[in-house]
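First the structure, in the form of structure tokens, and then the observations on it.
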Amino acid sequence: MGIHPPPQRIWWKEPVARTELVWVIIAFLWGLIMFSAMIYWHMAGEQNLSNESYRITPEAFAAKAEAMVEKYQVREEAGFPVVHPPPGSDVYMIAGLWQWWPIIEFEKDQTYRLHLSSMDWQHGFSLQPVNINLQTHPNYDMVVTLTPNEAGEFGVVCNEFCGIGHHLMIGNIYVTEN
Amino acid sequence: MSTFTHRVCPATGLRIHSSAENLIKANAVTAIVFLSVGGLFGLMVGLTRWPGVHLLPADWFYLALTAHGLDLLLVWIIFFEMAVLYFASAILLNSRLAAPRWAWTAFALMLVGALMTNVAVLQGNSIVMFTSYVPMQAAPHFYLGLILFAVGALIGCFVFFGTLVIAKEEKTYQGSVPLVTFGAITAAIIAVFTIASGAIILIPTFLWSIGLIGNIDTLMYKTVWWAMGHSSQQINVAAHVAIWYLIAAVVLGAKPLSEKVSRMAFLMYILFLQLASAHHLLVEPGISPAWKIFNTSYAMYLAVLGSMIHGMTVPGSIEAAQRGRGYVNGLFEWLRKAPWGNPAFSGMFMSLVMFGFLGGISGVVMGTEQINLIMHNTLYVPGHFHATVVAGTTLTFMAATYLLVPLIFRRELIMKGLAKWQPYVFGLGVMGISLFMMGAGTLGVPRRVWDITGADAILKFDYSGAAYLMMGLNGVSAIMAALGGFMFIAIIVGSVFFGKRTGDKPLEGLTMTTATKYGSAKDIKIPGTVVLVAVFFTAFVLYYFVNWKYLAEVWPLR
Ligand code: HEM
Ligand SMILES: [Cu+2]
Ligand SMILES: [Cu+2]
């Protein structure tokens, strides 16, 4: 029994039942398949994070975002600038207590380089209802090259706890039909 | 032989030394006190996240959630694990406990540490969640409490190792250690690694909180923190799997199918699970895909392999024992005629099923490098770990407590009728919270959020009606789980204080007669288990590929 010393002291030389052996082999092969699936997706799949990121101070990142807003702002909503940057360009979204700034307008099926960084604590970039989730750190500029493939109004909610206003931290991304 | 006071257990013939017995009692009782406190916080959290009820105000919600995570994941589980370690060494090996004074020091340090951290949280200036990600800062005594707690646990591990040495020297047992003790040894080895990582990260964080260190890198913090946070989950798995074997042995006389396979599976935990801290870092900036893949595949899923093996050998050994007892008809007579009215058995078996089907599968899927993108930090994550750490570890520990009460506290259970139902009420409730939180997470609902309506936010996002439904059902399940928890506390506390003293048949009424010697290798037939495992495997494969399909539908990105 499991609570008594094994009958054979040299337990590692015991024979193994076939059922057990077969299951060990199947489970092992399944592990190999799951391992290969991740590599396969890097070659064939379209959703793979690169590890492009840079060290940056919050001030430098905010300056870049402000420069972008200056250049591409098209209107204002609820006190937030709405920017419509050209396809292919670098787009900046600031995470800070407790807002995502600014509101960004993309064009459908165009590719953008979205930069994310935090001014203070960690935040969670959660694009809804698409359900893309990325972690946003202070002092790191994370670059995600993405291609919105549907038009509509999307929410960016914060899903990393960032203090008492965490639930207030909602932003918007719009994708326009072109 | 030994001059220490001991008694002989009438049920198992084991020699039980009073030093070990008292420590097991103290640690188990303290664990259960924290379980009740943390469970109450859990209920409040669940009811607040039910949009129709929205019980607590925001600041109290975040406070309750911090306390809930700490008191349960850390305090309840680790106190109970100390009891398990002392049991698996001193009791199962017939030995006295090494250095009981040190064990009491460990107990005191852990208690002081736990209280200190709780005070910090309740004072309202350390509402940082149990992960306490920098640069969000808690009060110094928040970290100090955690450090004291960890030092205590480390001392406890060394008392455990010391007891192994003493037992060997004093020849209190013949041959190799029993399988359950072997499992406990793997848990304790992982614990030492875990606590070392904890020290590496918590000590600098403490120094930072009192102003001696200027800055802590957020990514470095997370990497090392999860080296502790993740491997501590392996302690839990090793401990609760060991208890599965323990309960199968005590209640049904089940014998491992093969000692070799089961022990190898435990060894895999030590060899491979430490690498897994990466699956908490899959969507962080600046981490290379190669490193992520190597680590998330736990060097090709060898540790998952360990759990999948136990997933067959535990029910297999039960089937073999039951068939040996004569339940040989059809595929499942052995299962139908299992002692479902014995809370130790029913709790253990439900835990096995839910840990595998809900916790195991969701964990592997979520830990896949790219799939993590559609789940990270949504409610899917707490959904997953309530299946592992509540349905798995907590329910198993509850089941084990039903054996500790007659064997160690030497009291009969009171309210036996209620005790029969307790694992089902709790198990069903936990199944609910874990499934509905996973469902809500799939619909994008974030974790650790007081309100999802965005009522006070400037910009808005509306979740689907289905998401609200999930949160409501989660609230209902939270009530059920809390009810099951309350039943447990009432039964156990009542029994310990008011139960009749047990006579020379402490397990009578709780268990069946001890089994025959049936169950060793070669000719075992376990067709029922083979079917169960096949169902499990099919579910696993289907769910895995469905999630790749979900992933393929989101915006292309790199
Ligand atoms: C009555 C039983 C329980 C209920 C109703 C319950 C409910 C919940 C709910 C609703 C959340 C919140 C998810 C969120 O908003 O992010 C949560 C979080 C959590 N629960 Fe439980 N839970 C219970 C038992 C347990 C147990 C026994 C453990 C540990 C062994 C546990 C560990 C945790 C942890 C670690 C978190 C995450 C806290 C965080 O995000 O910082 N829970 N629980
Ligand atoms: Cu935030
Ligand atoms: Cu937040």
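These values consider heavy atoms only, across backbone and side chains, with no hydrogens, waters or symmetry-generated copies. Residue numbers start from 1 in every chain, and the chains themselves are labelled A, B, ... in the order their sequence lines are given, proteins ahead of strands.
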Engaged part of A:N139 at the chain B interface, taking heavy atoms whose separation is under 4.5 Å: neither
What part of A:W98 gets within 4.5 angstrom of chain B, counting heavy atoms only: side chain, backbone, both, or neither? neither
Segment of A:V156 engaging chain B (4.5 angstrom heavy-atom cut-off): neither
Can you tell me which portion of A:W41 sits under 4.5 Å from chain B's heavy atoms? Options are side chain, backbone, both or neither. both
Counting only non-hydrogen atoms closer than 4.5 Å, does A:V157 touch chain B with its backbone (N, CA, C, O), its side chain (CB onward), both, or neither? side chain
Should B:E284 and B:K292 count as an ion pair when the cut-off is N to O under 4.0 Å? no
Report which part of A:Y140 has an atom under 4.5 Å of a heavy atom belonging to chain B: side chain, backbone, both, or neither. side chain
Select one option (side chain, backbone, both, neither) describing which atoms of A:L116 are under 4.5 Å from chain B's heavy atoms. neither
No-hydrogen, no-angle side-chain donor-acceptor test under 3.5 Å, B:S317 and B:Y245: no
Flag yes if more than 12 heavy atoms outside A:K71 fall under 6.0 Å of its NZ atom; otherwise flag no. no
Can you tell which of A:T136, A:L146, A:N149, A:V24 has the highest number of heavy-atom pairs within less than 4.5 Å of chain B? A:N149
Go through the atoms of A:D141 and report whether side chain, backbone, both or neither lie under 4.5 Å from a heavy atom of chain B. neither
Toward chain B, the part of A:R113 with a non-hydrogen atom under 4.5 Å: neither
Heavy-atom distance under 4.5 Å to chain B: side chain of A:L21, backbone, both or neither? neither
Thinking salt bridges, do B:R448 and A:E160 make one under a 4.0 Å N-O criterion? yes
Under a 4.5 Å cutoff for heavy-atom pairs, which residue among A:D120, A:L168, A:N48 has the most contacts with chain B? A:N48
Please check if the number of heavy atoms outside B:I458 that lie under 6.0 Å from its CD1 is greater than 12. no
Please state whether the side chain, the backbone, both or neither of A:F125 comes within less than 4.5 Å of a heavy atom of chain B. neither
Chain B: which of A:Y54, A:F154, A:W30, A:F80 shares the most heavy-atom pairs with it under 4.5 Å? A:W30
